[in-house]
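Heads up, the thing below is written out as structure tokens.
Chain A is the first sequence line, chain B the second, and so forth, proteins listed ahead of strands; every chain is numbered from 1.
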Amino acid sequence: MEKTEITQKKLEGLAGDLYNQFEKGIVPHISLPSRTKANIEYSTKDDVWVYGDQETLRSVKTVRGAKTLLKTVYLSELLIKEHLKNNRGSTLREIYYISENWDIAKFHEQAESDRLIEDLEIVTALQREDFHVRPEEDGAAVFGPLKLQEKTRRGEKEIHCQEDVGEAGYQIPFNVDNVKFLSHDAKMVMAIETGGMYARLIENGFDEELNAILVHIKGQPARSTRRFIKKLNAELKLPVVVFTDGDPWSYRIFASIAYGAIKSAHLSEHLVTPTARFLGVQPSDIVDYNLSTDKLTDQDMQALRAELTDPRFNTPYWVKQIKLQMDLKKKAEQQAFAGKGLDFVTKKYLPERLTEMGII
Amino acid sequence: MEIAEELAKQQKAISVAEFFEKNRQILGFDSAPRALITCVKEAVDNSLDACEDAGILPDIFVQIKRNGDYYQVIVEDNGPGIVPEEIPRVFAKLLYGSRFHTLRQSRGQQGIGISAGVLYSQLTSGKPTKVISKIAPSRPARYCELMINTAKNEPEIIKEEDMDWERPRGTRVELEMEGSYVRSRRQSVFGSLKSAAIVNPHARITLVEPEGNIEVFERATEALPKKAYAIQPHPAGIELGELIKLLRYTDKKKLRVFLKETFSSIGTISAQELCSRAGLDPETSPTGLEHEEAKRLLAAFKQLKMKSPPVDCLSPIGEDLIKAGLEKEFRLDFIATMVRPVCVYSGNPFLVEVGLGFGGELEKESRVEILRFANRVPLVYQQGACAITHAVESVSWKNYSLGQPTGSGVPVGPAVLLVHIASTNIPFTSESKDAVADVPEILAEIDLGLKEVARKLRRYLSRQSVLSERREKEEIIRKILPRIAKKLSDILEKEEPDIGPVVAKIMGNLLVFRRKDAQNGLTNVQIEVENHSDLVRAFKLHEVLKQEAVAVSPAAKVVSLGDSYDYHWKLTLGPGESTTLSYTIHSDDTALGEPVVEGLDAEIVTGARVI
């Protein structure tokens, strides 16, 4: 069966369940895993974090529950009749605007429609790309010794991520399923938080020197970026290292790549790269390399404390690093290496760190 | 000369006017904004008292004007006026008045208020007070310019003449003084008049502010408050010294007559009873009583249960007018009121009235506003020192659905509290009449009144929450469920599902749900009956059929109606219980009417007609 057909059947199945509940005199409801930090657990099967057994019941017994179910059926109709049957798509934001005409089923803010789409992903065990729903922003950029093929509206294109692209690199499309890897000459994948560091490594020729595929993740990585990294890791069997700033928010970026995020734990198996490793900037680097730093703010301290209670950071390595940082009360940016000279990061820090990690 | 003799030369009497000249804070003239408020308040109180005595609906005009560094206060009323000879002493002699020696509820008591204003005015501006008063349309008005001779506490008349005045009767007083006009807070001329308007809904008060802005507090009723009559002191709580004084100066020759005539609530029988308890001869002369005997008499007062003092010495606002007053000045969702019975402290009858307004446009997160009144006069200052505040603070408001963050203190929430104490003698903490003293009897009565209105509030709020739950369910049923059903049928391209059974479950109704199944010339009918409520439901269920049914289970009573048959079952279902009724008809094309339920209200039944 074609993917579109499967998707349509699943959405209709959801509507059918609700219909049957009415017919049987059961108060219509949908049950969903509860999406909180307390209900995240480690799946030993896939080495990723997934939702636990706690469920929330959404029923028409309350006005809120009833309205959410009403919105759910309106949204299902849109996805079935507009998207799947006509082979069209909308962005998350467009869906929020489409609901303007839905009277009392209208979404009050985009966060509400985004959440409902995630709910539909969970209930149907599908992904939003299957519903032809795409995010506003594009995926991030890739630069490195990799040749791939992308299925576009203008046919299939072959692209080499060093030779056929500009200085900014290859842009990851929102549906990574349309990308096929052809060949590569890489030894590792390096995910980089900031544009500044990504450009620095390209300028210094780091991708050629160490055969690295550089992925600019642009802050908190979009789904397509995480899927792309996962795909590189799974299909090409390349090790993944994550290079971010040295502050609590950046550790969360790493966590979302390596362990998954609470919001998208239902998609962990598609998005998460459990073997990804944290390269730096580590709190211990601040001491070892005597980096220029900023003071931790109260919010930073709070975030560090929260991370100590987060199951994803409950490893000896992280506990040690986080506690060290709380003692130092300092944080460092990736750009702090520039203080030691423009080549310091590619000539000294990265080679040392990668050797220490056993990657080169 | 001995030192004592030397010192004795310096001893001399202090005039009361001199005393207050040096201690103006006692009278409420301690700050510039406050002096203005006190002055207006005293003049308005006098006007209201005068109108009440004369049975006139008060129409009071207040104007504050700026005059260089000074303020001019003008208060004019439509009251009975003051006879020309009395004008100087009423306005320019302290402790001169008509109310001090009677036991009757009135705003003014000691005869200090307005003369203190006159005193303050002459101290700060050096100008005399101007008074116009007229007692009848046919008589000329009298105009006076007055000052107080503080050494003697006697009026000094600067100017005195007859004049024409357009009013048929009334009084106008004009004072000039140092002051400061504030508007925004409750402690202001505006705020104090607004409060006065709440407890005097029969008065119209017009205020012209310095900038020319005009505020009219319109009257909410045309009915005058019930007139308060003067009474004798009540024996409960009277003190020994007071009793001895009364005994010594009475003109009555016999003790029993003295008792009956001097006190309220003592009749012939209780006078006899008191004498015998005290071991005194009822025929003896009261003036000759020994100290010891007076003590026994007082003890007898305490033993004997006396009836309450007569109510007519007090003039409560009444529940209706408290409500009208609150409605007039606030937008509210709910008002509860309570008038407590008359009680006595130290021989003085008093009565407490409480009003509570809730919701509307009141602030949800701030402390509740307390409007304090004594004998229809708003109390503006020293809220923290007042018995009313103390009583409010000691109620546990959390039990009555208002917030009280620290467990005691003034509650928090969208509410306003009004407490009025009416008494022949309000026990103020000081002469400026800002706060009522913590008299245990008064505290207890306020407490009871507050709890009574608080209980009413709690009942109202719990009723509201039941209603809002009901409204919530109705929204689900009327607006949301039908739309979900419609959309589902659109998506699946099927008929719209019957939402009846789900509605019954959500509403906690009795559900009657019938299925038909026709085959081989037979129609099998099943009726599911489910009780979704929390209560036992007993009722009859009727099926009216064109032909006789077979295999009726459980057995039903049948009544032939000529061309049809009425099958009915008597059913009792407990909470959550259900049952199935079934029968068969020899026909495969049976049009059935709606099932009928008898003995329940229509709104608690789904899926059947109710008779």
Side-chain angles (χ1 to χ4, degrees), chain A residues 5 7-30 57-86 98-99 101-108 116 120 123-124 131, chain B residues 465 467-517 526-534 576-580 605-608:
Chain A
E5 215 174 310
T7 308
Q8 188 176 330
K9 280 272 172 315
K10 282 202 172 166
L11 287 173
E12 284 171 356
L14 175 68
D17 286 347
L18 291 171
Y19 187 92
N20 291 337
Q21 286 168 350
F22 268 117
E23 287 283 275
K24 286 185 192 146
I26 300 167
V27 175
H29 63 273
I30 295 177
L57 195 68
R58 200 162 287 161
S59 95
V60 299
K61 265 195 181 155
T62 63
V63 167
R64 244 182 70 162
K67 280 199 171 155
T68 310
L69 284 190
L70 178 63
K71 290 170 190 182
T72 309
V73 295
Y74 267 87
L75 182 62
S76 303
E77 191 195 30
L78 168 80
L79 298 180
I80 295 170
K81 295 200 169 164
E82 301 290 330
H83 281 191
L84 300 170
K85 289 194 174 160
N86 294 330
I98 290 167
S99 83
N101 306 316
W102 293 356
D103 192 23
I104 57 168
K106 168 178 176 317
F107 295 114
H108 294 297
L116 202 53
L120 281 181
V123 188
T124 58
F131 306 142
Chain B
S465 80
L467 282 177
S468 80
E469 204 175 296
R470 188 92 202 163
R471 270 197 295 273
E472 171 160 318
K473 285 182 173 172
E474 269 175 17
E475 189 188 349
I476 296 176
I477 283 154
R478 284 174 194 283
K479 287 170 77 179
I480 306 178
L481 285 187
R483 285 172 206 234
I484 295 181
K486 165 98 177 36
K487 266 294 147 198
L488 289 173
S489 87
D490 286 354
I491 295 173
L492 301 168
E493 285 157 11
K494 284 194 198 176
E495 287 220 355
E496 269 187 53
D498 178 5
I499 63 170
V502 172
V503 168
K505 277 201 177 155
I506 293 174
M507 293 305 278
N509 279 5
L510 183 86
L511 172 68
V512 179
F513 190 63
R514 186 168 60 191
R515 280 197 196 87
K516 280 196 300 185
D517 175 25
Q526 276 200 336
I527 306 171
E528 304 265 2
V529 189
E530 297 167 16
N531 177 9
H532 293 290
S533 74
D534 303 333
E577 281 183 359
S578 63
T579 189
T580 307
V605 176
T606 305

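- Within the structure, ring-ring contact (aromatic ring centres under 6.0 Å, His included) contacts touching residues 470-511 of chain B (residues at least two apart or in different chains) do not occur.
- In terms of heavy atoms, B/Ile491 sits closest to A/Ala15 at CG2-CB, 4.0 Å.
- The CG atom of A/Leu78 lies 11.5 Å from the CZ atom of A/Phe131; values are rounded to the nearest 0.5 Å.
- Smallest separation of non-hydrogen atoms from A/Leu75 and A/Leu120: CD2-CD1, 3.6 Å.
- Of all heavy-atom pairs spanning B/Ile484 and A/Ala66, the tightest one is CD1-O, 3.8 Å.
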N/O donor-acceptor pairs between chain A and chain B, cut-off 3.5 Å:
from: A/Tyr19; atom 1: OH; to: B/Glu495; atom 2: O; distance (Å): 2.4
from: A/Gly25; atom 1: O; to: B/Lys505; atom 2: NZ; distance (Å): 2.7
from: A/Glu77; atom 1: OE1; to: B/Lys487; atom 2: NZ; distance (Å): 2.6
from: A/Lys81; atom 1: NZ; to: B/Asp490; atom 2: O; distance (Å): 3.1
from: A/Asp103; atom 1: OD2; to: B/Arg483; atom 2: NH1; distance (Å): 2.4
from: A/Asp103; atom 1: OD2; to: B/Arg483; atom 2: NH2; distance (Å): 3.4

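- Using a 4.5 Å cut-off between heavy atoms, A/Ile80 contacts chain B through its side chain alone, with no backbone atom that close.
- Considering all non-hydrogen atoms of both residues, A/Pro28 and A/Leu18 come closest at CB-CD2, 4.1 Å.
- Rounding to the nearest 0.5 Å places CG of B/Leu481 at 5.0 Å from CD1 of B/Ile506.
- Residue B/Ile480 touches chain A through both its backbone and its side chain, counting heavy-atom pairs closer than 4.5 Å.
- With respect to chain A, the highest number of heavy-atom pairs below 4.5 Å among B/Ala485, B/Ala504, B/Pro497 belongs to B/Pro497.
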